[in-house]
J.: 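Sharing a structure here in structure tokens format.
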Amino acid sequence: MEKNLPKTYNPKEFEEKIYRMWEENHCFKAEVDSDKKPFTIVMPPPNITGQLHMGHALDQTLQDVLTRWKRMQGFNALWLPGSDHASIATEVKVADKIRTEEGKTKEEIGREEFLKRAWEWKKNYGGRITDQIRKLGNSCDWERERFTMDEGCSKAVTEFFVRLYEKGLIYKGNRLINWCPSCATSISDAEVEHEDKKGKYYYIKYPLAENPEEHLSIATTRPETMFGDSGVAVHPDDERYRHLVGKKVILPIANRELEIVADEYPDMEKGTGAVKITPAHDPNDFLVGERHGLEQIICMNEDATMNKNAGKYNGLDRYECRKLLLKELEEKGYLIKVEETAHSVGACYRCNTVIEPMLSEQWFVKMEELAEAAIEVAKDGRLMHVPDRFEKIYLHWLENIKDWCISRQLWWGHRIPAYYCQDCGEVIVSREFPQKCKCGGKDFKQDEDVLDTWFSSGLWPFSTLGWPEKTKDLEYFYPTDVLVTGYDIIFFWVVRMVFSALEVMDEVPFKYVYVHGLVRDAQGRKMSKSLGNGVDPLEIIDQFGADALRFMLMTGITPGNDIRFKTDKLEASRNFANKLWNASRFVLMNIEGSLISGEEAKIAYKDEDKWILSRINTITEEVTANMDKFELGMAAQKTYDFIWNEYCDWYIEMVKSRLYGDDKNDKDVAIFVLIKVLKDMLKLLHPFMPFITEEIWRHLPEESSMLIKASWPKYDKGISFAAEVEKIELMMEVIRGIRNIRAEAETLPSKKLKAVISAEGKAYEYISSGERYIKSLANISEIIFADEKNQVPDDSMSAVVKSVEIYIPLDELIDFKAELERLEKEEERLKKELERVEIKLSNESFISKAPEKVVDSEKEKKKKYQDMLQKVSERLKIVRKKIG
RNA sequence: GGGCGGUUAGCUCAGCUGGUUAGAGCACUUGCUCGACAAGCAAGGGGUCGUUGGUUCGAAUCCAAUACUGCCCACCA
């Protein structure tokens, strides 16, 4: 135990210190231990190029809350951290650096040298994001930190690739892929973002070969691709064109002949019904072309300039070509009309450049079989989504999946383990560099391409635990329990982890997928660099503390929904931390000498002790239930409410008179309960606010171990003080009633007042045995019970709570006007309530059909309201008479 | 074109499997220099829960339709 807490809550003074303490004591470490049950979360690896942003803060905090909670519940909790090499993003960054610092392109530097620089870059900057993450308080096992390109993960990638290849699930083929001209690489379908943009339909004349006077009108949004045309398709049922099938048209400018083919693909209703077919630059046309054996003509280069197939436009950028081509078409009379339209355009999700569908030889993963397995585990419940609406999205995507293009024309990443014999051209896919080819050749060249980043990310849940080796870790910690991620990368990542795991591990990689939303700005906009509306978590931590940020994110969250970042919510969280800080300070300040034992305290519990113990017990049960259901926001909110509204506002206030009194033993009992409940509160709050709770914990007497290692409180069936709870709650209402009188009547002095109370039965017992609460908390000097001797004075202000009447005698000071207003308002309210209950009770079907419990409680309510109403009415009469 | 959300106090949002006087934070009003806390204390005001219809003894909660709004998916030449 340390000395008392400083006067004000200042997170900067201890957050870093506490984190260091946890790390130095290896508190985050998890090792195989067959006596304990494992709980595993594998951290979605942030990109090494990344900076910590609010999305991370949310994502990371959720994982930390779950990890800390499970650790306290006695699980062997492993949260495994790491980072992702982020192929494209890093390559772009490193290339930029080389360009600005050395004035060279990456090609000029060469592959080997470039990779050297990239690793250097990773060494210098790759740890930045993980350093930032520590500031959030993450309790991940840093001693196990992994990187997608470290030795083990790389080995896993090769192993996985080879296995899929050997099974025939990976193939190399000439297919239509998405080409990003700016990144100069292919990208997968998932990496293309579609956006509706304004565009134009250009209607172009394609004259018939045998009769140039006649023509087909062809609409296109990308006229420059006409240099890749190798046919025109019409629908076989289309009367307009039936006679032309098999004939030829002339491709304008290029002056090539194109065959007219009949195919189901064209939509007769749309455009002119005749479609130009460009197999090498459009995915649909590619299929049509395959069906009819049409030539695949590539008319663009990799940088989206036109190639020699575009004739005189060779070398021009695609859009420049479009402009000039349209001009020429118009001049030569080939352009029929131009129509405005809106159509969807695909862009690269990294650089936002419009992608170019292009025919290219790439490596692909066959998806059908893999997808089926991933669909099955969702349907049979082995994989659960929280909230479950995301399961539909997941399923829909898998059910419509196409083969996955995995090769990238980049250098930073896992190089494809395919080797080409330089003598015979044979392709060998293998784990090691091949020694000898069938043909006897020994000269091999490895494939130049690297793999899609998500190929390695897909293996993350098990490659980080040692796969392909059969490690103890893998056996013990796998499958993991929860995957926490945003809905924006379900397709990129979640799906890929699932089918990859099912393929090689034969088991789901995680049991639950907890899907969270985005953190938006105060106006509800997405935080983005271009808008400049991003909020830097590090600045927030600096200003408010990590605990406040975490708590704000957690209370604001409902699974799957976006969250708005507002400073006032942050302030509220910080204020809450301050409240807890001061309450704890108050408790510690009042400790004198040694503490009494639980047994000693137990026999001397006062009613408020029993009440608060009973309440924390209930709250513990509820919070735990919420956590079990992933209702973390609710759990945090309940803890907040209990600490502030029950412990601070009521319990501490009730106990003060005992702390300042002369009864030493009674004081010790109060201290005992104050500490006991505080401890449980700190435990419940610890997953959400780890720093402040640990810091306070360090100051508690007789606590030598850390809170992070403490055990989660359990619901105690033995604690049930129903009568005490009822009594204290009645006290609270009476006190509120008196305070209300004080507040409403402006003429009331702030000094102590007498109270005359009329109560019967249980209420009388409660109040007579609980006078001290009313005296101290409502500032009352004396309580007189009304009976034959002590009549209720007319000149008094009054309140009715439950069946208790309270009168504050005031003689000439009385503010009858205020009293009248209060009573009238009260009467009206009661009449309304009573009416509602009476209507319900006079409804026969209610009486016969509603459960007895509900009917009884309505009857009780009726009695209560009648009783109160009668009392209020009598009082009103008197006051009205007084006023005259 | 298909799918999924949201619509509750001035603002931002909670309200799980139908029964509470419909809640919180911020904002607002009034009063507090009383020994944890003004980042605070006490007492208040403010909502026909988007609209319509249905199920039910009973609907913010379940169902249907509708309006507005956001997001995701899709090969609309």
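Throughout, a chain's letter reflects where its sequence line sits, starting with A, and its residues are numbered from 1. Note that the coordinates shown come from a computational prediction; the quantities given were computed from them, not determined experimentally.
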J.: Measure from the side-chain heavy atoms of A:His343 and tell me the nearest of B:C37, B:A43, B:A77.
T.: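 Output: B:A77.
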J.: Checking A:Tyr773 side chain against A:Met732 main chain: does a donor-acceptor pair fall under 3.5 Å?
T.: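 Between the backbone of A:Met732 and the side chain of A:Tyr773 there is no qualifying donor-acceptor contact (under 3.5 Å).
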J.: With heavy atoms under 4.0 Å as the rule, sort A:Tyr9 into base, sugar-phosphate or nothing.
T.: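 If one applies the 4.0 Å heavy-atom cut-off, A:Tyr9 turns out to touch a base.
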J.: What contact category does A:Lys629 fall into here, base, sugar-phosphate, or nothing, at under 4.0 angstrom with non-hydrogen atoms?
T.: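 Counting heavy atoms under 4.0 Å across all strands, the contact made by A:Lys629 includes a base.
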J.: Write down the distance between CG (A:Leu398) and P (B:C72), rounded to a whole number of angstrom.
T.: 19 Å
J.: For A:Tyr487, which contact category applies under a 4.0 Å heavy-atom criterion: base, sugar-phosphate, or nothing?
T.: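 No contact at all - A:Tyr487 keeps every heavy atom at 4.0 Å or more from the nucleic acid.
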J.: Counting any heavy atom closer than 4.0 Å, what does A:Thr221 reach on the DNA or RNA strands: base, sugar-phosphate only, or nothing?
T.: sugar-phosphate
J.: Report the relative orientation of the aromatic rings in A:Phe576 and A:Trp644; use parallel for angles under 30°, tilted for 30 to 60°, perpendicular for over 60°.
T.: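 Rings of A:Phe576 and A:Trp644: parallel, as their planes differ by under 30°.
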J.: When you get a sec, tell me which of B:C11, B:C75, B:C16 is the closest nucleotide to the side chain of A:His194?
T.: B:C75
J.: Classify the nucleic acid contact of A:Glu653 as base, sugar-phosphate or nothing, counting any heavy atom under 4.0 Å across all strands shown.
T.: base
J.: From C-beta outward on A:Asp196, which listed nucleotide comes closest to its side chain: B:A43, B:C76, B:A77?
T.: B:C76
J.: Using a distance-only criterion (donor-acceptor N/O pair, under 3.5 Å, no hydrogens), is the base of B:C4 paired with the side chain of A:Lys392?
T.: no
J.: Would A:Lys337 and A:Tyr203 count as a cation-pi pair here, with the cationic atom under 6.0 angstrom from the ring centre and within 45° of the axis?
T.: yes
J.: Closest nucleotide of RNA chain B for A:Ile847 versus for A:Ala583: which of these residues is on the 5' side?
T.: A:Ala583
J.: NA contact type, A:Lys861, heavy-atom cut-off 4.0 Å: base, sugar-phosphate, or nothing?
T.: sugar-phosphate
J.: Would you say the side chain of A:Arg574 and the base of B:A39 hold a donor-acceptor pair, judged only by whether the two atoms sit under 3.5 Å apart?
T.: yes
J.: Counting only side-chain heavy atoms from C-beta out, which of B:A36, B:A77, B:G44 sits nearest to A:Ala219?
T.: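 In terms of side-chain proximity for A:Ala219, the closest of B:A36, B:A77, B:G44 is B:A77.
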J.: Using a cut-off of 4.0 Å on non-hydrogen atoms, how would the nucleic acid contact of A:Asp285 be classed: base, sugar-phosphate, or nothing?
T.: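 The answer is nothing, as A:Asp285 stays clear of every strand by at least 4.0 Å.
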J.: For A:Ala850, answer base if it contacts any base atom (sugar-phosphate contacts may also be present), sugar-phosphate if it contacts only those atoms, and nothing otherwise; contact means non-hydrogen atoms under 4.0 Å.
T.: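 Base contact.
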J.: Using a 4.0 Å heavy-atom cut-off across all strands, classify A:Thr558 as base, sugar-phosphate, or nothing.
T.: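 The residue A:Thr558 makes sugar-phosphate contact but no base contact.
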J.: Show me the dot-bracket string of RNA chain B, counting Watson-Crick or G-U pairs under 3.5 Å, with | for pairs to another strand and [ ] for crossing ones.
T.: (((((((..((((.....[...)))).(((((.......))))).....(((((..]....))))))))))))....
J.: With sugar-phosphate meaning primed atoms plus P, OP1 and OP2, does A:Tyr660 contact a base, only sugar-phosphate, or nothing at under 4.0 Å between heavy atoms?
T.: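 Here A:Tyr660 touches the bases of the nucleic acid.
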J.: Under 4.0 Å between any heavy atoms, over every strand shown, what does A:Arg836 touch: base, sugar-phosphate, or nothing? Just pick one.
T.: sugar-phosphate
J.: From the options B:C76, B:C37, B:C75, select the nucleotide whose nearest atom is closest to the side chain of A:Ser344.
T.: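 Looking only at heavy atoms from C-beta outward on A:Ser344, the closest nucleotide is B:C76.
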J.: How is A:Gly737 classified with respect to the nucleic acid when contacts are heavy atoms under 4.0 Å: base, sugar-phosphate, or nothing?
T.: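 Nothing, no heavy atom under 4.0 Å.
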J.: Categorize A:Asn779 for me: base, sugar-phosphate, or nothing, with a 4.0 angstrom heavy-atom threshold over every strand shown.
T.: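 Since no nucleic acid heavy atom lies under 4.0 Å of A:Asn779, the category is nothing.
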J.: Heavy atoms only, 4.0 Å cut-off, all strands: where does A:Lys270 land among base, sugar-phosphate and nothing?
T.: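 Base contact - A:Lys270 has a heavy atom under 4.0 Å of at least one base atom.
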J.: Please tell me which of the listed nucleotides, B:A36, B:C57, B:C72, lies nearest to the side chain of A:Ile652?
T.: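 Of the options given, the side chain of A:Ile652 lies nearest B:A36.
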J.: Starting the side chain at C-beta, find the nucleotide from B:C73, B:G44, B:A36 nearest to A:His396.
T.: B:C73
